[in-house]
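Whatever order the structure lists them in is the order used to number ligands and atoms, beginning at 1. Because the structure is predicted, anything quoted here is derived from the model rather than measured. All values below were derived from every heavy atom in this structure, side-chain atoms included, with hydrogens, water molecules and symmetry-related copies excluded.
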Amino acid sequence: MPEHKAKVAIFISGGGTNMAALLYASRLPDCPYEIVLVASNNPDAGGLELAEAEGIATFAQSHKGMERADHDAVMERAVLDAGAEYIVLAGYMRILSKVFVTRWAGRIINIHPSLLPKYKGLDTHTRAIEAGDSHGGATVHLVTPELDSGAIMEQVKVAIMPGDTPDSLAERVKLAEHQLYPRALAAYVARHARVSA
Ligand code: GAR
């Protein structure tokens, strides 16, 4: 067992299946990280209920009617109060302010449902299908102020099948994401721990 487990806050906006994958992976032997907070900009995010049921601290603050910087500050307060060292975005559908991202540089990670640098932003599956691509996929990358452009950590390819719709492809990409994200996060925090030891 690693002596110190990296403390991770996960940000979600929706169902939180990647959050669940990260959480259950953290409970397997020898995982070098633990989830100390699940936070959301959407108080109705389904993943919050699951996190609570699993005994994880949760926090929710709607961004509606708030300045971006103010909302980021509220989220960051929750992260710091929870003692988190890393922020992991898992379907967090808010752009974070440059100041916030810069402060967490190297300690904030995202998963994006495409083979970056292809298809930054939204509607990735529709765009991959319409382009006639043979594969979609997912990318885990460091977060930098420019959207979906930080250093790529790991990727997984997913074949696009005849008759795939954006929904059917999204579902399979999520299965792949659930394998990729815990592995990429574990490798990253373990490497950081070695470097700073
Ligand atoms: C995931 O497919 C993730 O890659 C994507 O949202 C989904 C969240 O699903 N993220 C983005 O599009 C970020 N730009 P989940 O809530 O079930 O984990």
Side-chain angles (χ1 to χ4, degrees), residues 8-26 33 35 37-54 56 58-60 62-63 68 71-72 75 86-98 100-101 104 108-131 133 135-160 164-186 188:
V8 170
I10 304 181
F11 284 10
I12 63 170
S13 295
T17 66
N18 276 287
M19 177 277 295
L22 289 161
L23 168 60
Y24 293 125
S26 78
Y33 69 83
I35 309 303
L37 177 73
V38 174
S40 184
N41 64 318
N42 171 13
D44 298 324
L48 289 171
E49 244 176 276
L50 172 62
E52 263 165 43
E54 291 292 353
I56 306 292
T58 61
F59 175 81
S62 171
H63 59 275
R68 189 176 303 282
H71 185 261
D72 288 356
M75 296 290 283
Y86 294 88
I87 297 174
V88 169
L89 309 181
Y92 188 63
M93 303 310 275
R94 286 279 298 163
I95 291 176
L96 292 158
S97 61
K98 184 176 175 184
F100 180 95
V101 168
W104 285 85
I108 180 164
I109 293 163
N110 183 42
I111 191 160
H112 183 74
S114 79
L115 294 171
L116 289 173
K118 275 191 158 181
Y119 312 131
K120 297 173 182 176
L122 299 176
D123 298 324
T124 55
H125 307 303
T126 306
R127 288 152 73 197
I129 291 170
E130 282 178 357
D133 292 355
H135 289 79
T139 303
V140 176
H141 66 96
L142 292 175
V143 176
T144 55
E146 201 185 332
L147 185 69
D148 300 330
S149 297
I152 291 173
M153 294 159 60
E154 294 197 36
Q155 288 187 313
V156 62
K157 283 168 85 174
V158 173
I160 298 179
D164 253 337
T165 63
D167 283 348
S168 65
L169 178 57
E171 200 177 313
R172 243 171 22 261
V173 167
K174 276 200 193 184
L175 288 176
E177 289 184 328
H178 299 164
Q179 312 305 311
L180 179 72
Y181 213 178
R183 203 185 104 114
L185 179 61
Y188 188 73

Trainee: Would you say L96 and L89 make side-chain contact, with heavy atoms under 4.5 Å?
Mentor: yes
Trainee: Report yes if the side chains of I35 and E54 come closer than 4.5 Å at any heavy-atom pair, otherwise no.
Mentor: no
Trainee: Carefully, step by step, assess L22 and Y33 under the rule side chain to side chain contact (heavy atoms under 4.5 Å, CB included).
Mentor: CA-CA 9 Å; L22 289 161; Y33 69 83; 3.7 Å; yes
Trainee: Looking only at distance, does E177 have an N or O less than 3.5 Å from an N or O of ligand 1?
Mentor: yes
Trainee: When you measure from atom 11 (C) of ligand 1 to every protein heavy atom, which one gives the shortest distance, and what is it?
Mentor: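 It is P113 CD, 3.6 Å.
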Trainee: Can A138 be said to touch ligand 1, with heavy atoms closer than 4.0 Å?
Mentor: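 No, A138 has no heavy atom closer than 4.0 Å to ligand 1.
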Trainee: If we only count N/O pairs under 3.5 Å, is D148 in contact with ligand 1?
Mentor: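 No, there is no polar N/O contact under 3.5 Å.
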Trainee: Among all protein heavy atoms, pick out the one at the shortest distance from atom 7 (C) of ligand 1; state its residue, atom name and that distance to 0.1 Å.
Mentor: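 Checked against all protein heavy atoms, atom 7 (C) of ligand 1 sits closest to K174 CE, 4.1 Å.
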Trainee: Crowded around R127 CZ? As in, over 12 foreign heavy atoms under 6.0 Å?
Mentor: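 Correct, the count exceeds 12.
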Trainee: Assess whether side chain to side chain donor-acceptor pair (under 3.5 Å) is satisfied between S13 and N41, documenting all intermediate values.
Mentor: CA-CA 6 Å; S13 295; N41 64 318; 2.7 Å; yes
Trainee: Would you indicate which of A21, G16, G91 comes nearest to atom 16 (O) of ligand 1 when only heavy atoms are counted?
Mentor: G16
Trainee: Counting non-hydrogen protein atoms only, what is the nearest one to atom 13 (C) of ligand 1? Give residue, atom name and distance.
Mentor: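 Residue, atom and distance for the closest contact: M93 SD, 3.8 Å.
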Trainee: For atom 17 (O) of ligand 1, what's the nearest protein heavy-atom neighbour? Residue, atom name and distance, please.
Mentor: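 The closest heavy atom on the protein side is T17 OG1, 2.6 Å.
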Trainee: Between H71 and H63, how do the two ring planes meet: parallel, tilted or perpendicular, split at 30° and 60°?
Mentor: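 Aromatic pair H71/H63 classed perpendicular.
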Trainee: Say whether H178 and T17, considering side chains only, have a donor N or O and an acceptor N or O under 3.5 Å apart.
Mentor: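 H178 vs T17: donor-acceptor pair found between side chains.
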Trainee: What protein heavy atom sits nearest atom 14 (N) of ligand 1, and how far off is it?
Mentor: H112 ND1, 3.7 Å
Trainee: Below 4.0 Å from any atom of ligand 1, is there a heavy atom belonging to I111?
Mentor: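 It does; at least one heavy atom falls under 4.0 Å.
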Trainee: If you count the atoms of ligand 1 from 1 in the order shown, which ones are under 4.0 Å from a heavy atom of G15?
Mentor: 16 (O)
Trainee: Is any N or O atom of Y92, backbone or side chain, closer than 3.5 Å to an N or O atom of ligand 1?
Mentor: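 No - when backbone and side-chain N and O of Y92 are compared with those of ligand 1, no distance drops under 3.5 Å.
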Trainee: At their closest point, which heavy atom of L116 faces which heavy atom of Y119, and how far apart are they?
Mentor: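 Looks like CD2-O, 4.3 Å.
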